[in-house]
Number of protein chains: 2
Amino acid sequence: MRFTSDQRLDDGVVERGFTLGEIPGILWTPESGSGPLILMGHPGGVDGMSPRLASRARLSVGQGFTAATIELPGSGDRPRSAEADEARAELRRALAAGEPVDEIVERLVSPLVDQAVPEWQAALDALLSLPEVDGPVGYSGGVIAIGIRLAVVEPRIAAAVLFAGSFVPRSMFDEARRVAIPLHVLLQWDDEGNDREQSLELFDAFGSEEKSLHANMGGHTGVPPWEGDSANRFFARHLRRTA
Amino acid sequence: MRFTSDQRLDDGVVERGFTLGEIPGILWTPESGSGPLILMGHPGGVDGMSPRLASRARLSVGQGFTAATIELPGSGDRPRSAEADEARAELRRALAAGEPVDEIVERLVSPLVDQAVPEWQAALDALLSLPEVDGPVGYSGGVIAIGIRLAVVEPRIAAAVLFAGSFVPRSMFDEARRVAIPLHVLLQWDDEGNDREQSLELFDAFGSEEKSLHANMGGHTGVPPWEGDSANRFFARHLRRTA
């Protein structure tokens, strides 16, 4: 893990770029002290996502956590995958045409999860070796399928905030039933790209004893501002650090 | 409106019993100052409900509100209705037998709403004339059908926290579509007596531009403790009083 940039933001949050092998990432920490880590999931393309990621991260740091993210395989400046690019284009076409997408989602998301999850675990190894970063760890965001796999295979992940979406391969529903950590699931009721029924079915499938669904009006990017606060309160309960 | 009892609870909340004509009620206020009013809905039987009602009310007063409730028609010490008692017994039998309940709910709940809503409005008149009670007003709880009617007909109600349930007469779904105030809806995912699909259908039907659904695991009385806090934060946003 090698730091590539370092800046102090105006709210006192320190934002550092890093690379982990060929994988770029960002770490947000307080100016001093340490905090439990929240891994910030996203749909790929950290540079384009970074204003939204940074604002989620800064809110979390303000409430006593640290936050980090890494680029997804095939996104941003990382080597593209012809198969993934083709599946992504097919998915857009099928969604626009209102056609079924299950098979395409399987072909797009399953290999992504298989490749990304070990990378997030390697990032965890590196991040948790820093003095300012503590466990237990939370995962927050999409890609929800990555969050599901991490929740099942990675014991350092103690709680997760998942953005409900229907882009979870049907083959992963069994895995969802094996999730046992506390979950806080966000659903946008009128999400253009997501099938509401399938999102509710997925929420129902999760094996966790404690799981909450917060559904709000509006489209994919319309999560209301108070949900950020609510997610951090959830993490505060489970990562044992109060605001 | 006549006060019948007055006690200071150990957290400094003042709990006063009152009667409004023949209808008993309870008012919770801070020791000094005033706050926007939250009407506390309940399924009837204020005496039996009062420990849970009082704990919800004290949390609200602690966050800058005042709270009040009145007994429902046909419940507690109020004159019974033979028709309602019969319908209630039929409902219990039908639920236990897994039989459809739509017709019984119609017969039980519609007259209750017709009778109760003007009583809650009369209580509002009396309560808002007290110097320690301010508007705008919130409604919190079940009977959800009473909350729906109040949200539609009573302009002093500015926001509502509703406990989602399927015991809403089908004839009131059109009324639900006319609700326009911000709503915060609680759903217990495994509620024994409630049909989850019908609760989700009702949530979908509400006409409000801002509505959130918070679904949690467990049965009817298993609403997790942090939801009280979350509901008060919702009221703070809409009744314009911060904690």
Side-chain angles (χ1 to χ4, degrees), chain A residues 59 63 159-164 176-177 179-191 194-219 222-240 242-243, chain B residues 59 63 159-164 176-177 179-191 194-219 222-240 242-243:
Chain A
L59 187 62
Q63 302 198 1
V161 172
L162 299 177
F163 294 164
R177 279 179 251 283
V179 173
I181 60 170
L183 296 181
H184 178 101
V185 180
L186 292 170
L187 171 65
Q188 287 300 98
W189 201 247
D190 304 309
D191 198 331
N194 278 328
D195 182 299
R196 190 194 300 159
E197 283 312 310
Q198 196 172 324
S199 296
L200 291 170
E201 193 190 333
L202 179 65
F203 175 73
D204 193 46
F206 286 125
S208 308
E209 197 176 319
E210 183 191 323
K211 53 179 176 178
S212 300
L213 177 74
H214 283 203
N216 290 285
M217 293 307 98
V223 178
W226 60 84
E227 285 292 359
D229 232 37
S230 179
N232 281 320
R233 247 183 292 277
F234 164 81
F235 279 131
R237 285 202 305 277
H238 294 290
L239 308 184
R240 301 203 181 83
T242 49
Chain B
L59 188 62
Q63 302 198 1
V161 171
L162 299 177
F163 294 164
R177 278 178 251 283
V179 173
I181 60 171
L183 296 182
H184 179 102
V185 180
L186 293 171
L187 171 65
Q188 287 300 98
W189 201 249
D190 304 308
D191 198 330
N194 278 328
D195 181 299
R196 189 196 300 159
E197 282 311 310
Q198 195 172 324
S199 296
L200 290 170
E201 194 190 333
L202 179 66
F203 176 72
D204 194 45
F206 286 124
S208 308
E209 198 176 319
E210 185 191 323
K211 53 180 176 178
S212 301
L213 177 74
H214 284 201
N216 290 286
M217 294 305 98
V223 178
W226 61 84
E227 285 293 0
D229 232 36
S230 180
N232 281 320
R233 247 184 292 277
F234 164 82
F235 279 131
R237 284 202 306 277
H238 295 289
L239 308 184
R240 305 207 176 81
T242 49

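Below, read A as the first sequence line, B as the second, and so on, with proteins coming before strands; counting in each chain starts at 1.
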In terms of heavy-atom pairs under 4.5 Å with chain A, which of B:L200, B:V185, B:D229, B:D204 leads? B:D204
To the nearest 0.5 Å, what is the distance between CG on A:L202 and CD on A:E197? 12.5 Å
Is the A:F203 ring parallel, tilted or perpendicular to the B:W189 ring (thresholds 30°, 60°)? perpendicular
Pull out the residues in residues 210-219 of chain B that come under 4.5 Å of chain A, heavy atom to heavy atom, sorted by number. B:E210, B:K211, B:S212, B:L213, B:H214, B:A215, B:N216, B:M217
Give a yes/no verdict on a cation-pi contact between B:R233 and A:W226, requiring under 6.0 Å between NZ or CZ and the six-membered ring centre and an angle within 45° of the axis. no
Interface moiety of B:E227 toward chain A, non-hydrogen atoms closer than 4.5 Å: side chain
Chain A contact via B:L187 - which portion, at a heavy-atom distance below 4.5 Å: neither
Spacing of A:F235 atom CZ and A:S230 atom OG [to the nearest 0.5 Å]: 11.0 Å
Whether A:S208 side chain and A:P182 backbone form a donor-acceptor pair below 3.5 Å: no
Correct closest heavy-atom pair for A:A231 and A:V161 would be CB-CG2, 3.9 Å
Looking at A:N232 and A:Q63, what are the two nearest heavy atoms and their distance? CB-OE1, 3.0 Å
